[in-house]
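Below is one structure, written out as structure tokens; the observations come after it.
When a residue number appears, it is its place in the shown sequence, counting from 1.
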Amino acid sequence: MVGPGPGRRARRENADGADHEPRHGGGRALESFSSSFAALGDLALAGGRVSASVGDLDSGADLLSVDEHLALPVGQLGAVLLLIEVSARIEDGTLRPLDELDRPGDPGDQGPGGLWPYLRRTSLPVTDAATLVGAFRDAAAIDALIGRVGLAAVRARGESLGLTKTALLDVTRSSRGPDDAPALAVGSAHELAGLMVSLARGEVVDRAVSNRVLGWLSLGADTSLVAAPFGLDPLGHRRLDHDLQIVHTTGGDPGVRSELGVLRGPHRSVAYCVIVTFDDLTLAHRLRALDALRAVGTDALEYVH
């Protein structure tokens, strides 16, 4: 089961037990994350929606909480649940690492992101596909792995981990019609940050399963969001670099940017998840969202140092 994780606090409930509507910028932050809190609050006041949770990995102290129980579209962050299911099946022997997967559909059928449609090989081993998901949130690899293990199994795995607001809903799509799921995946920052804590502690299924997933995620090449201020090489950050190490993944869809991860520094470590949705009407709208995400990264960097 996913443990309490960072940012856990009592839900705001009304008399019948339902969650209240989220408050724009509602939450709290330690003084060291006041800049993040302000930036995310400004984004919310400008019409965006925010769910954010940052916690000290070792002490569990809540460093930043902004509507952390709010479920929002998270893009490819939902693929973490898929990787957990794949890793668990490899571990129990029901899926072999070198089983071949065929690339699904035509290159234009998948959503944005990835390399596989540009490669000559139209089939890849399971572990190579998982590597592409971890490194590049590869849409074709996500769909191929879903085709092998099934969405129902991924949803069941999430439920077994105690996730109630986080789920992988669909395959990737270049466009979504009225008969499709409204998003690839949804999630709350609280649950996803807690899941990252459990992975870091080797508690998701078991240590072998957790470590395999962390290995795939450690290849994540997108350092344009929360990780932008860390100054790490996007294609080579598995080892310590200026006493920093990150394991993370990102999600992106029109009007959606998200990231979850663990940042280890010379003095402290944090687990985090930040999700923002916004009207992607102009470049200025998008840059405001990116600035808010990077503000969290700047505060996290200062905290771990």
Side-chain angles (χ1 to χ4, degrees), residues 22-27 29 33-54 64 66-67 70-79 107-115 117-118 135-140 142 170 172-177 180 182-187 189 192 220-235 237 246 248-261 263 272-302:
R23 295 173 291 150
H24 283 324
F33 279 81
S34 59
S35 296
S36 302
F37 189 83
L40 293 171
D42 288 345
L43 179 62
L45 290 173
R49 291 188 296 170
V50 174
S51 183
S53 178
V54 183
L64 174 69
V66 180
D67 284 333
L70 176 63
L72 294 174
V74 297
Q76 296 83 358
L77 290 196
D109 289 344
Q110 277 82 42
L115 291 178
Y118 302 97
F136 301 111
R137 68 188 195 203
D138 191 286
I142 289 172
D170 199 5
T172 66
R173 299 181 188 276
S174 55
S175 62
R176 295 191 173 275
D180 300 323
L184 173 65
V186 296
L192 285 164
D222 181 8
T223 58
S224 66
L225 304 178
V226 176
F230 304 161
L232 299 173
D233 181 351
L235 300 179
H237 51 71
I246 187 175
H248 80 307
T249 189
T250 64
D253 269 328
V256 177
R257 295 294 187 273
S258 57
E259 181 170 331
L260 81 157
L263 173 67
Y272 65 87
C273 179
V274 186
I275 308 159
V276 300
T277 69
F278 54 96
D279 291 326
D280 199 6
L281 301 176
T282 67
L283 181 59
H285 285 78
R286 182 182 298 176
L287 293 178
R288 182 190 296 123
L290 297 182
D291 285 344
L293 288 157
R294 291 165 183 168
V296 177
T298 297
D299 284 347
L301 178 62
E302 293 178 355

*Within the side chain of Ser51, is there an N or O that forms a donor-acceptor pair under 3.5 Å with the backbone of Ala189?*
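Side chain of Ser51 to backbone of Ala189: a pair is present.
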
*Mark yes or no for whether Ser36, through its side chain, and Ala295, through its backbone, hold a donor-acceptor pair below 3.5 Å.*
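Side chain of Ser36 to backbone of Ala295: a pair is present.
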
*Among pairs that include at least one residue of residues 292-301, which meet salt bridge (charged side-chain N to carboxylate O under 4.0 Å, His left out), considering only residues two or more places apart or in two chains?*
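Salt bridge (charged side-chain N to carboxylate O under 4.0 Å, His left out) check on residues 292-301 returns no pairs.
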
*Sequence neighbours left out, what pairs pass salt bridge (charged side-chain N to carboxylate O under 4.0 Å, His left out) with at least one residue falling in residues 221-235?*
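Checked against salt bridge (charged side-chain N to carboxylate O under 4.0 Å, His left out) - neighbours excluded - the pairs reaching residues 221-235 are Arg137-Asp222.
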
Closest heavy-atom pair and its distance - [X], [Y]:
| X | Y | answer |
| --- | --- | --- |
| Val276 | Val50 | CG1-CG2, 4.1 Å |
| Ala185 | Gly75 | CB-O, 3.5 Å |
| Leu77 | Thr249 | CD2-O, 3.5 Å |
| Val256 | Pro73 | CG1-O, 3.4 Å |
| Ala221 | Phe136 | CB-CE2, 3.7 Å |
| Leu43 | Ala292 | CD2-CB, 4.1 Å |

Flag the pair [X] / [Y] as yes when at least one side-chain heavy-atom distance between them is below 4.5 Å, and no otherwise.
| X | Y | value |
| --- | --- | --- |
| His248 | Val226 | no |
| Glu259 | Val274 | no |
| Arg49 | Ile275 | no |

*May I ask you to check whether over 12 heavy atoms, not counting those of Arg286, lie within 6.0 Å of atom CZ?*
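Not more than 12 within 6.0 Å, no.
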
*Which residues satisfy the salt bridge (charged side-chain N to carboxylate O under 4.0 Å, His left out) test with Asp170, sequence neighbours excluded?*
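Salt bridge (charged side-chain N to carboxylate O under 4.0 Å, His left out) list for Asp170, sorted by chain: Arg173, Arg176.
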
*asked:* Once salt bridge (charged side-chain N to carboxylate O under 4.0 Å, His left out) is applied, do any residues pair with Asp291, and if so which ones, sequence neighbours excluded?
replied: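 Scan of Asp291 (salt bridge (charged side-chain N to carboxylate O under 4.0 Å, His left out), adjacent residues dropped) gives none.
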
What distance separates [X] [atom1] from [Y] [atom2], expressed to the nearest 0.5 Å?
| X | Y | atom1 | atom2 | value |
| --- | --- | --- | --- | --- |
| Leu287 | Phe278 | CG | CZ | 9.0 Å |
| Leu260 | Thr250 | CG | OG1 | 9.5 Å |
| Ser258 | Leu225 | OG | CG | 7.5 Å |
| Asp67 | Ser53 | CG | OG | 11.5 Å |

*Of all residues at least two apart in sequence or in a different chain, which pass the side-chain hydrogen bond (donor to acceptor under 3.5 Å, both in side chains) check with Ser175?*
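Here no residue qualifies.
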
*asked:* Can you list everything that forms a side-chain contact (heavy atoms from CB on, under 4.5 Å) with Leu232? Sequence neighbours excluded, please.
replied: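 Partners of Leu232 under the side-chain contact (heavy atoms from CB on, under 4.5 Å) test: Phe230, His237, Asp241, Leu244, Ile246.
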
